[in-house]
Q: 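First the structure, which I've put down as structure tokens, then a few questions once you've had a look.
Throughout, protein chains are lettered first and strands after them, A, B, ... in sequence-line order, and every chain is numbered starting at 1.
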There are 2 protein chains.
Amino acid sequence: MISLSPSEENYLKVIFRLTQNEALPIGTNDIANAIHTKPASVSDMIRKLAVKGILDYKKYHGVHLTEKGRKTALQVLRRGRLWEVFLVEKLHFQWDQVHEVAGQLEHVRSPLLFRRLDEYLGFPKFDPHGDPIPDESGEWQEKPKSKLQDMKIAERGKIVTVSDSSAAFLRYLDKVGVYIGAKVEILDKVEFDGSLEIRVDESRKLFVSKEVSSNILVQLFDVK
Amino acid sequence: MISLSPSEENYLKVIFRLTQNEALPIGTNDIANAIHTKPASVSDMIRKLAVKGILDYKKYHGVHLTEKGRKTALQVLRRGRLWEVFLVEKLHFQWDQVHEVAGQLEHVRSPLLFRRLDEYLGFPKFDPHGDPIPDESGEWQEKPKSKLQDMKIAERGKIVTVSDSSAAFLRYLDKVGVYIGAKVEILDKVEFDGSLEIRVDESRKLFVSKEVSSNILVQLFDVK
DNA sequence: ACATTTTTTTAGTCAAATCTAATATTTTTT
DNA sequence: AAAAAATATTAGATTTGACTAAAAAAATGT
């Protein structure tokens, strides 16, 4: 196994995340932005990671992780997400308090520690945000998606996709402030027309029609 | 609260330990030795810590922690020892496996984390090696000491002091390889003369007379 | 008391990771 | 297609923590 510094691990994690979400080529500005550093520093680090065989890099043409880079990134994610589960389930952190601490803990190096922690937590497959936890060989389960329309009252989840991507629909979502990644909670279901009252991002309340809620796909959060 | 780098924290911890044990002035060589670095690096770091008000330092005259330094050191110890309890009690590490991992974990910064961890572990007063865990304000309980002579068969502990410090006695202890900090386990007690068969440091077996074992003070390890 | 040994400090390098300022390349606009 | 804007890279500086080699101070032995 290759050994990276905490700083290198942070770059790797961010590059992995950015290259997953967007198929677009990702640039030094994106990375610099995500990691609170300057583009010049990113250029330096990218060259270094390329030498280590973590990613392929051609000047002015963005980066793309190698298989080795992908595997390594998954292990960093694994460590961070296991800690997140620990912090929420055992130490009763709120799920928005875990990020900073997990970000420090994830750089601790000890295979035994993570094997034991995993076991202690009952081999969780998802972290408190619903993101999958890779196993030691980098495999993970996708969390099943359900229609917003099919959720029950009081259930909560995160919006992950839409099944209708017409401009009209997307424009509507934008207007009412519903976006990929937003947290939703079902407040009420109206029998008559199948419309829903939902809460978005723990704050705004909103009514959506059955047509709309049938085209929004959500990952449910674990209940407890 | 003052903020130190992991490296500074390591120096601080070692200086605290060395100045506790030995009343003698401790030198750059001692520190360099304990921390696997070179005396020259110690000189540099000492000057830096003096500037931060962690210790007093006069060229060629050793160091002595300020009150601020002592308080800060106790918090580092607290963090490391809480993790040691966690690793042994929850993740079932052997107590000789915890050191390296706890040494990484202790540099994680988050007051909330340690308050919650402390609570989760049931506010332990001692770590798995029997060392006391300071509370948030730096107070700790001394572990009671008992005579080696008074231990029962199969009990284990760590030698912490001797009540006879004559040269003859110390020379004897030296000769048979018994020293402050050594782990002992009672293997057998001889009714006839009160002598003991003990195991030192998980390896060597040794017989000691009643006179000897009455002058050796031990901290018992927790049974479980 | 002075020579030797040990300990401590200084001076000068080095590597990692960052930064700023300047330059180079690509993309977008007109 | 040239000018302007955005993005990426290099060059050079800085900080942190370490190192080696050499000088300085203190301790020790005879």
Q: Expressed as a whole number of angstroms, how long is the span from A:Met45:CE to D:dT10:P?
A: 16 Å
Q: Would you say B:Lys38 reaches D:dA18's phosphate, i.e. side-chain N/O to OP1/OP2 under 4.0 Å?
A: no
Q: Ignoring backbone atoms, test whether A:Tyr11 places a side-chain nitrogen or oxygen under 4.0 Å from the OP1 or OP2 oxygen of C:dT18.
A: yes
Q: On a heavy-atom basis, which atom in A:Arg204 and which in A:Gly177 lie closest, and how many Å separate them?
A: NH2-O, 3.0 Å
Q: Rounded to whole Å, how long is the line connecting atom CG of A:Asp30 with atom P of D:dA8?
A: 7 Å
Q: According to a strict under-4.0 Å criterion, is A:Thr37 in side-chain N/O contact with OP1 or OP2 of C:dC19?
A: yes
Q: Could you tell me whether B:Arg70 and B:Glu67 make a salt bridge, using a distance below 4.0 angstrom between a side-chain N and a carboxylate O?
A: yes
Q: State the pairing partner of C:dT10; accept Watson-Crick or G-U wobble contacts with both distances under 3.5 Å, and report none otherwise.
A: D:dA21
Q: Roughly, in whole Å, what's the span from CD1 in A:Ile26 to C1' in D:dA8?
A: 13 Å
Q: Can you measure B:Glu9 atom CD to D:dT16 atom C1' for me and round it to whole angstrom units?
A: 15 Å
Q: Relative to each other, are the rings of A:Phe169 and A:Tyr172 parallel, tilted or perpendicular (30° and 60° limits)?
A: parallel
Q: Looking only at heavy atoms, which two atoms of A:Pro132 and A:Phe126 are closest? And how far apart?
A: CA-CD2, 3.6 Å
Q: So, OP1 or OP2 of D:dA6: does either fall under 4.0 Å of a side-chain N or O from A:Asn29?
A: no
Q: So which pairs with a foot in residues 97-110 of chain A pass salt bridge (charged side-chain N to carboxylate O under 4.0 Å, His left out), sequence neighbours left out?
A: A:Glu9-A:Arg109, A:Lys13-A:Glu106
Q: Is there any protein nitrogen or oxygen under 3.5 Å from a nitrogen or oxygen in nucleotides 9-15 of chain C, and what are the pairs?
A:
residue	atom	partner	partner atom	Å
C:dT9	OP1	B:Tyr60	N	2.9
C:dT9	OP2	B:Ser43	OG	3.0
C:dT10	OP1	B:Lys59	NZ	2.9
C:dT10	OP2	B:Arg47	NH2	3.0

Q: If you compare every side-chain N and O of B:Ser7 against the phosphate oxygens of D:dT16 (OP1, OP2), does one of them come in below 4.0 Å?
A: no
Q: Could you pull out the closest heavy-atom pair between B:Ser7 and B:Met45, with the gap in Å?
A: OG-CE, 3.5 Å
